[in-house]
Amino acid sequence: MRILPTPLSGLFQIEPDVFGDARGKFVEIFRESRYDAAAIEKPFVQDNFSWSVRGTLRGLHYQLGRPQGKLVTVVKGSVYDVAVDIRQGSPTFGQWYGVELSDTTMRQLYIPPGFAHGFCVLSEEAGFLYKCTDVYSPADERGILWNDPELAISWPITTPLLSAKDQAYKCLADMMTELPRYSGR
Ligand SMILES: Cc1cn([C@H]2C[C@H](O)[C@@H](COP(=O)(O)OP(=O)(O)O[C@H]3O[C@H](C)C(=O)[C@H](O)[C@H]3O)O2)c(=O)[nH]c1=O
């Protein structure tokens with residue numbers, strides 16, 4: 001497996017070894033000792049799974065009071081996954097990184113606490129599995145509008161299927177008093 005840095009501080013792309021044979025394939029999608037190099041902030045305490053149809057876009061989400069680090073794996077289909085550095089004081093504040101994750105490459109992304117996260121679905125359906133370093137806290141849930149013109153994220157779809165909540169989020173510039181702080185890592 002390879003753990004690759006990205007241009008954003010603390011955000012890592014992980015290329016696990018995929019063992020294929022006549023039956024299919026096997027992948028280790030997490031092993032604590034091997035993932036240390038991704039500087040994962042603290043133990044994972046919650047696993048999530050979402051299933052989405054083509055054209056769905058979930059995001060851009062973050063938690064203010066209990067920021068979650070996320071190890072993301074696509075177990076079915078393919079998505080375009082986006083992480084945005086919204087940590088006040090970060091050297092890469094306001095920058096975003098996008099990458100295709102799929103059940104073919106089994107590529108993963110580790111997103112540190114303090115990032116906004118979202119993805120859109122490129123295949124007929126997508127199974128999205130992710131480990132979190134803090135628990136879900138509805139009171140701390142925040143979001144940024146998926147097509148914030150200042151972020152100018154190059155989403156590969158133009159008219160996504162969004163939840164009402166996601167449609168109502170504001171732009172980053174309107175959220176400056178509700179952003180997590182950079183921890184220096
Ligand atoms: C996130 C979450 C949601 N829920 C409940 C709350 C709602 O009744 C229902 C759907 O929630 P929501 O529409 O917020 O789900 P997503 O749009 O997939 O949200 C996620 O999407 C982006 C991509 C993320 O990175 C976050 O993990 C998360 O915000 O599940 C829970 O019970 N626990 C949870 O941890």
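Below, each value reflects all heavy atoms present in this structure, side chains not excepted, and no hydrogens, waters or symmetry copies. Indexing begins at 1, ligand by ligand and atom by atom, following the structure's order. The first residue in the sequence is number 1, and the count goes up from there.
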* Asked: Who's the nearest protein heavy-atom neighbour of atom 29 (O) of ligand 1, and how far?
  -> His61 ND1, 2.6 Å
* To do: Please check if a non-hydrogen protein atom sits closer than 4.0 Å to atom 18 (O) of ligand 1.
  => yes
* Counting from 1, what ligand 1 atoms have a heavy atom of Asn48 closer than 4.0 Å? -> 35 (O)
* Asked: For ligand 1, which atoms sit closer than 4.0 Å to a heavy atom of Glu141?
  -> 14 (O)
* Kindly indicate whether atom 14 (O) of ligand 1 is approached by any protein heavy atom to under 4.0 angstrom. => yes
* Asked: Got a protein heavy atom sitting under 4.0 Å from atom 10 (C) of ligand 1?
  -> no
* To do: Check whether the side chains of Tyr136 and Glu141 place a donor and an acceptor atom closer than 3.5 Å, and report yes or no.
  => yes
* Any N/O of Arg58 closer than 3.5 Å to an N/O of ligand 1? -> yes
* Asked: Aromatic ring centroids of Phe30 and Phe44 under 6.0 Å?
  -> yes
* **Check: Gln108/Tyr35 side-chain N/O donor and acceptor closer than 3.5 Å** => yes
* To do: Heavy atoms only: give me the nearest Ala83-Phe115 pair and the separation to one decimal.
  => CB-CD2, 3.8 Å
* To do: Name the closest protein heavy atom to atom 24 (C) of ligand 1, giving the residue it belongs to and the distance to 0.1 Å.
  => Lys70 NZ, 3.6 Å
* Structure fact -> shortest atom 6 (C) of ligand 1-to-protein heavy-atom contact is with Tyr136 OH, 3.5 Å
* Do any heavy atoms of Lys165 fall under 4.0 Å from ligand 1? -> yes
* Asked: Which heavy atom of the protein is the closest neighbour of atom 23 (C) of ligand 1, given with residue, atom name and distance?
  -> His117 ND1, 3.5 Å
* Would you check whether Ser50 has a nitrogen or oxygen atom less than 3.5 angstrom from a nitrogen or oxygen atom of ligand 1? => no
* To do: Evaluate the 4.0 Å heavy atom contact test for atom 34 (C) of ligand 1: does a protein atom fall under the cut-off?
  => yes
* Asked: Does a donor on one side chain and an acceptor on the other come within less than 3.5 Å for Arg107 and Ser102?
  -> no
* Please work out whether any backbone atom (N, CA, C, O) or any side-chain heavy atom from C-beta onward of Gln68 is under 4.0 Å from ligand 1, and answer side chain, backbone, both or neither. => neither
* To do: Please verify whether a non-hydrogen atom of Tyr130 lies at under 4.0 Å from ligand 1.
  => yes
* Asked: Are Tyr110 and Ile3 connected, step by step, through hydrophobic side chains (Ile, Leu, Val, Met, Phe, Trp, Tyr) whose heavy atoms are closer than 4.5 Å?
  -> yes
* Assess the pair Phe128 and Phe119: is the distance between their ring centroids shorter than 6.0 Å? => yes
